[in-house]
Amino acid sequence: MDPVSDPAKLKAEATYNAAADHFDDGPLAFWDRYGRLTVQRLSLAPGSAVLDVGCGSGASAIPAAIDVGPRGRVIGIDLAERLLTIARSKSLAQHRQNVEFRRADMTALSYPDASFDAVISVFSLFFVADMVAEIRELWRVLRPGGKLAITTWGQECSSLALKHSGRR
């Protein structure tokens, strides 16, 4: 990944790295709950390729890895290396070999067009200055017929799963 120089991204990275040791504590259990619920709504097929942007400590990437099975693959990306370290430890403890965690910027994805069957963003989209451009980028890496799931804050926390029509 290219070095991050954007002040807002550096601030988010520092904040989440500082909070990493307590990210999975009881009061923050919503990460796991909404990560699992978002993945459940996708109904991922075994063997699918999944990208989880803003994956944190693996709350949605690990359930996705379980759902896609050993022939599937999941890549979780995040700016916060300390959260990625926790995610790696959790996946190793569960003997998950079909998930990997990389430090990367979700606004500058290096994947070719139509690389994934599903793309997940749980509580990460609101960090992006240009959300429309970011959604366009997430659609770009999604295969026709693939699914995009975005979970965000609102009056009621909600998850939206959309199916890619193949049109850009």
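Every heavy atom of this structure was used, including side-chain atoms; hydrogens, water molecules and symmetry mates were not.
Between the CG atom of L138 and the CG atom of L109 there is a distance of 6.5 Å, given to the nearest 0.5 Å. Atom CZ in R82 sits 14.0 Å away from atom CZ in R103 (nearest 0.5 Å). If you take CD1 on I75 and CD on E100, they are separated by 5.0 Å, rounding to the nearest 0.5 Å. Residue E137 holds its CD atom at 11.0 Å from OH of Y111, rounded to the nearest 0.5 Å. For the atom pair OG (S121) and CE (M131), the distance works out to 10.5 Å, reported to the nearest 0.5 Å.
In this structure, the side chains of I120 and C55 stay at 4.5 Å or more apart for every pair of heavy atoms. Between L79 and D105 the shortest side-chain heavy-atom distance falls below 4.5 Å. In this structure the side chain of R96 reaches within 4.5 angstrom of the side chain of I66, judged on heavy atoms. Between T152 and L125, every side-chain heavy-atom pair lies at or beyond the 4.5 Å cut-off. At least one side-chain heavy atom of F116 sits less than 4.5 Å from a side-chain heavy atom of R73. Contact check for Q40 versus P63: no side-chain heavy atoms found under the 4.5 Å cut-off.
For Q97, the CD atom is loosely surrounded, since the number of other residues' heavy atoms within 6.0 Å does not exceed 12.
Across all their heavy atoms, A49 and S115 have their closest contact at CB-O, 4.1 Å. Taking both residues in full, the closest heavy atoms of E134 and M106 are given as OE2-O, 2.9 Å, listed atom of the first, atom of the second, then distance. For the pair V50 and A64, the tightest heavy-atom approach, listed with the atom from each and the gap, is CG1-CB, 4.3 Å. In plain terms, the two heavy atoms of I62 and A87 that are nearest each other are CD1-O, 4.0 Å. Of all non-hydrogen atoms in S57 and I86, the two that sit nearest each other are CB-CG2, 3.7 Å. Looking at every heavy atom in both residues, A65 comes nearest to N98 through O-ND2, 2.8 Å.
Each of T107, I135, V53 was evaluated against V128; a single residue qualifies, T107, per the side-chain contact (heavy atoms from CB on, under 4.5 Å) test.
Defined by atom type and a distance below 3.5 Å, a donor-acceptor pair is present between the side-chain atoms of T151 and T38.
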